[in-house]
Amino acid sequence: MDRLSLLYLLLLTSLLSSAVATVDSLDEDPLIREVVDDAEDHLLNAEHHFTLFKSKYGKTYASQEEHDFRFRIFKANLRRAKRHQLLDPSAVHGVTKFSDLTPSEFRRQFLGLKKLHLPSDAQKAPILPTNNLPTDFDWRDHGAVTAVKDQGSCGSCWSFSTTGALEGAHYLETGELVSLSEQQLVDCDHECDPEEYGACDSGCNGGLMTSAFEYTLKVGGLEREEDYPYTGTDRGPCKFDKSKIVASVSNFSVVSLDEDQIAANLVKNGPLAVGINAVFMQTYIGGVSCPYICSRHLDHGVLLVGYGSAGYAPIRFKEKPYWIIKNSWGEKWGENGYYKICRGRNICGVDSMVSTVAAMRTTAD
Ligand SMILES: *[C@@H]1O[C@H](CO)[C@@H](O)[C@H](O)[C@H]1NC(C)=O
């Protein structure tokens, strides 16, 4: 057996045997690094890419040291994008606005989903019929989704997932699409997970959508985005004004792991709040993300708005069904702010933490 096929065999064995490993630990795998290092020689001129990156995202660094430090991270992220490309060939990975951040800076500043410990008495969504589900469905085509927002450098993803789901439910209930306030949740919601000591919604330091629904139910509702605008920091006092409530929660529940049930709840109740592992999202440019291996450790809260099967490029990848995910990193990230991830095997844990909310008509309308 020549060296190359041996290497290939070893790589395959290591890929299969580490199916439970996280991608971050895979990054450290010497075999993968070896394969990637080859490609690294062809990594076009990192300096040139860094110049483009700085101008595209308006990046300036305070000192030469900082600049050089960020350039080193940028090069590491180019290699990381290359690895992600190998592991996730149906998506495109490359330079994003996060390319000068280390993985831990990225997690701390742009994610923010706390560990979910579902209370045993969490209301479970009733099982819905799944026989007449449309093959493709997108709530954006039905006017239930507001424009893509940007959480900035604050671990408040959970609040955007929460408002997104309630915006959809409110639209279904009232026919009116109203953008809702994340800042109210960031400043005022310190609701705790009843089962887990210390797991409380805490502004830029993370939270959970189910606790945020609970908070919203308790205080009566959320204000409009304009009335309580987003600042991206959690140092301010709570300025919630009950008289400005525009959308209220009637009830919410947790959807089972079954993908048909998830689709049925999506179509019936509107966009769903979901948790996901965001490791491939740091380098995602577009396409359908379908990594061979992805951790199911949930660290990011997003909004499931639809699903589809067509338009799965390139040709050599068979058409596969995917979920359409609204993210909260602005419109310049991903596909105009959206992410596509394949359906079928709970990739990156996308099916593991799904919740649905119903809105109530409010008098303040
Ligand atoms: C709200 O409660 C009703 C009645 O129990 C139930 O049919 C519906 O599925 C619930 N909706 C959500 C989103 O949990």
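In what follows, every heavy atom counts, from backbone to side chain, and hydrogens, waters and symmetry copies are set aside. Read the numbers this way: they start at 1 and go in the same order the structure lists the ligands and their atoms. This structure is a prediction, so every number in the text was calculated from the model and none was measured.
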With heavy atoms of [X] as the reference, note each atom of ligand 1 found under 4.0 Å away.
X      : answer
Phe252 : 14 (O)
Ala358 : 13 (C)
Val357 : 13 (C)
Ser253 : 12 (C), 14 (O)
Pro126 : 9 (O)
Thr356 : 13 (C)

Within the 6.0 Å centroid threshold, strictly below: Tyr171 and Trp139: no

Aromatic contact, Phe110 with Phe98 (centres under 6.0 Å):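 So the answer is yes for these two rings.
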
Ring pair (Phe, Tyr, Trp, His ring centres under 6.0 Å) contacts in which one or both residues fall within residues 253-276, not counting sequence neighbours: none

Cationic tip of Lys340 above Tyr322 ring, under 6.0 Å, 45° of axis: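 So Lys340 does make the cation-pi contact.
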
Six-ring centre of Tyr61, Lys59 cation under 6.0 angstrom, axis tolerance 45°: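 Not satisfied by the 6.0 Å and 45° rule.
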
Heavy-atom pair of closest approach, residues Pro271 and Val145: CG-CG2, 4.3 Å

Side chain Ser181, main chain Gln184, donor-acceptor under 3.5 Å: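 Checking the backbone N and O of Gln184 against the side chain of Ser181, a donor-acceptor pair under 3.5 Å is found.
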
4.0 Å protein heavy-atom contact status of atom 9 (O) of ligand 1, strictly under: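 For atom 9 (O) of ligand 1 the answer is yes, since some protein heavy atom falls inside 4.0 Å.
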
Any non-hydrogen protein atom less than 4.0 Å away from atom 1 (C) of ligand 1: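 So far as the 4.0 Å threshold goes, atom 1 (C) of ligand 1 is in reach of a protein heavy atom.
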
Atom 5 (O) of ligand 1: the protein heavy-atom neighbour that sits closest, reported with distance to 0.1 Å: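 Of every protein heavy atom, Asn251 ND2, 4.6 Å lies nearest to atom 5 (O) of ligand 1.
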
